[in-house]
Amino acid sequence: MKILPEISRTLSEYLLIPGLTTEDCTPDTVDLGAPMVRHRVGEDPAVRVATPLVSAIMQAVSSPALAVALAQAGGLSFIHQNQRIEEQAADVLAVKRHKAGFRTVDVTVAAQTPLGELARLLADTEHGLAVVTENGEADGAFLGIISRDDFHLERHGALETAGNRMRGREGLMTAPASVSLSDANELIWRHHLDVLPVVEGGRVVSLVLKSDYQAHKTYHRASVDGEKRLRVGAGINSRDYKDRIPALMEAGADVLCLDSSDGYSVYQAKTLEFARDAYGEDVFVGAGNVVDGRAFRYLAEAGAAFVKVGIGGGAICTTREQKGIGRGQASALLDVVQARDAYARETGVYVPLCCDGGLLSDAHMAVALAMGADFVMLGRYFARLDESPSRKLQIDGQWYKEYWGEGSRRAQNAARYGQRGRMAFEEGVDGYVPYAGSLYDTVERTRAKLTSTMISCGSTNLRDFHRDAVLVPVSAESFKQTGAEVQLRRPAIDAGE
Ligand code: IMP
């Protein structure tokens, strides 16, 4: 037994001390771009992100819709691996096939689905229409489209079926998968359509909506591959990797990541070895999670593309209470950063670090990046947004979105927690987080704050920020001062009401 002399510290125990801000340090010159995969020091990595934010490998977070939005905003999502291999590969494919202005099909029903159920589904998901398919699933044969305007519950009854009110496929104008956005919009306007289904092999692969015509924007920071397709990552595990990795590679995943609460294991090394033997330089597999330099070096030597740092800090995490393992995120990060830099000096290979879990604010992200993280992985942050797959609901007048841990009974992700079959105990909770609006606005705000922090510290890129940042631990008294109570202004009281 050995006891480390240090105290395990969290990110909120540190503050940044401003550095000299020079005239060439402005919002336009600050570059938040970060390497995502291992590369030789001084060379360009094969995968970079313009926004150093990635979404957690979680059911409640990383769906194709969120992955598209985050890639457009310059980050990257990891489609979760707690689903069948074919389903996960289809999610990856949906992102790779995404074309700006073309929406993924989010709501599908069967012809027998009662209108009452359909209405609830549309309300819960805030969608205006559903695709009707033979089996009610997204991969089923296309039968028709039904929108909120095609039925009225009082007039048609909740038990009437979607099939009886849908606009059948025969009467609908459709387009082939090769259609361009401008041709699709041309058809929509010429034929007075509200929706144009894009069909391939009898299945709807995407929808072009008239209502999106105005909203269509170009995303100058988007994470795209050499063929201008959006980039997407995918989680894998160290059990079914021999089947999962080939399926995800076939679907076009740009980066893979081992999804485990404790990554310091021979199983991760074996998975990395399999990927390297099968795909050589064409595959990038991140590994983790780890909380010290030993574990970092083990995974770096095993070929990890990047290493994820953090055990027990996640917002929904109960690992520390359940198993007594973990480490404060700041202590873990500082230890692993030292090991990463030593490894780069010795070998000439830079293995990026991802700070994962427990980042409760933009300030935490700034501190993590200053300490040496290359990018951050966020669960709660993205779960709160419109684009996440979870349900939005109102409790006591406030809007929330559901958020549950992969170690919760709801997720049943036994592979992530090294448990066999059904989970014997939980390492995560199932709950709600306050709804926070659109991903595009939220990520833009975070970018603005990170940029502003870097300007205060006099850095124009993350490499300089790692080198030049000066941090200081804060005392318990400073915490108290930060928390001094001020009655916040409320417009109704100010107006004397
Ligand atoms: P958050 O950003 O604080 O919500 O943390 C998200 C991270 O928590 C994920 O990327 C995982 O590493 C971790 N995580 C996800 N589900 C669980 C769980 O059920 N228990 C413990 N950690 C979890």
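Atoms within each ligand, like the ligands themselves, are counted from 1 in listed order. What you see is a predicted model; the values in this text were computed from it and never measured.
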For ligand 1, which is the ligand I care about here, please tell me if [X] has any N or O atom under 3.5 Å from one of the ligand's N or O atoms.
X	answer
Met377	no
Lys308	no
Gly407	yes
Tyr403	yes
Thr318	no

Practice problem: Please list, chain by chain and in numerical order, all residues satisfying salt bridge (charged side-chain N to carboxylate O under 4.0 Å, His left out) with Asp386, sequence neighbours excluded. | Solution: none

Quiz item: Can you check side chain to side chain donor-acceptor pair (under 3.5 Å) on Ser62 and Ser55, steps first, answer last?
Solution: CA-CA 6 Å; Ser62 292; Ser55 69; 2.6 Å; yes

Quiz prompt | Residue-ligand contact Gly358/ligand 1, heavy atom below 4.0 Å | solution = yes

Quiz item: For ligand 1, is Trp404 a contact, meaning one of its heavy atoms is under 4.0 Å away?
Solution: no

Practice problem: Select the closest option to atom 5 (O) of ligand 1 among Gly357, Ser261, Ala383, judged by heavy-atom distance. | Solution: Gly357

Quiz item: Taking all atoms of both residues into account, what is the closest heavy-atom pair of Gln88 and Ala234, and its distance?
Solution: NE2-CB, 3.6 Å

Quiz item: Between Gln72 and Tyr219, what is the shortest heavy-atom contact and its length?
Solution: O-CB, 3.3 Å

Below 4.0 angstrom from a heavy atom of [X], which ligand 1 atoms are there? Numbered from 1 as shown, please.
X	result
Leu378	2 (O)
Glu427	18 (C), 19 (O), 20 (N), 21 (C)
Met58	9 (C), 15 (C), 16 (N)
Asn289	12 (O)
Ala56	9 (C), 10 (O)
Arg380	1 (P), 2 (O), 4 (O)
Ser408	19 (O)

Quiz item: Does Lys96 come within less than 4.0 Å of Asp225, counting only side-chain N to carboxylate O?
Solution: yes

Quiz item: Would you call Asp262 and Lys323 a salt bridge, using N to O less than 4.0 angstrom?
Solution: no

Quiz item: Distance only, no hydrogens: is a donor on one side chain within 3.5 Å (strictly under) of an acceptor on the other, for Thr446 and Tyr381?
Solution: yes

Quiz prompt | Nearest-0.5 Å distance that lies between atom NE2 in His80 and atom CE in Met58 | solution = 10.5 Å

Quiz item: Once the angle between the rings of Phe78 and Phe306 is folded into 0 to 90°, is it parallel (under 30°), tilted (30 to 60°) or perpendicular (over 60°)?
Solution: tilted

Exercise. Applying salt bridge (charged side-chain N to carboxylate O under 4.0 Å, His left out) between Asp335 and each of Arg9, Arg340, Arg327, report the one that passes.
Key: Arg327

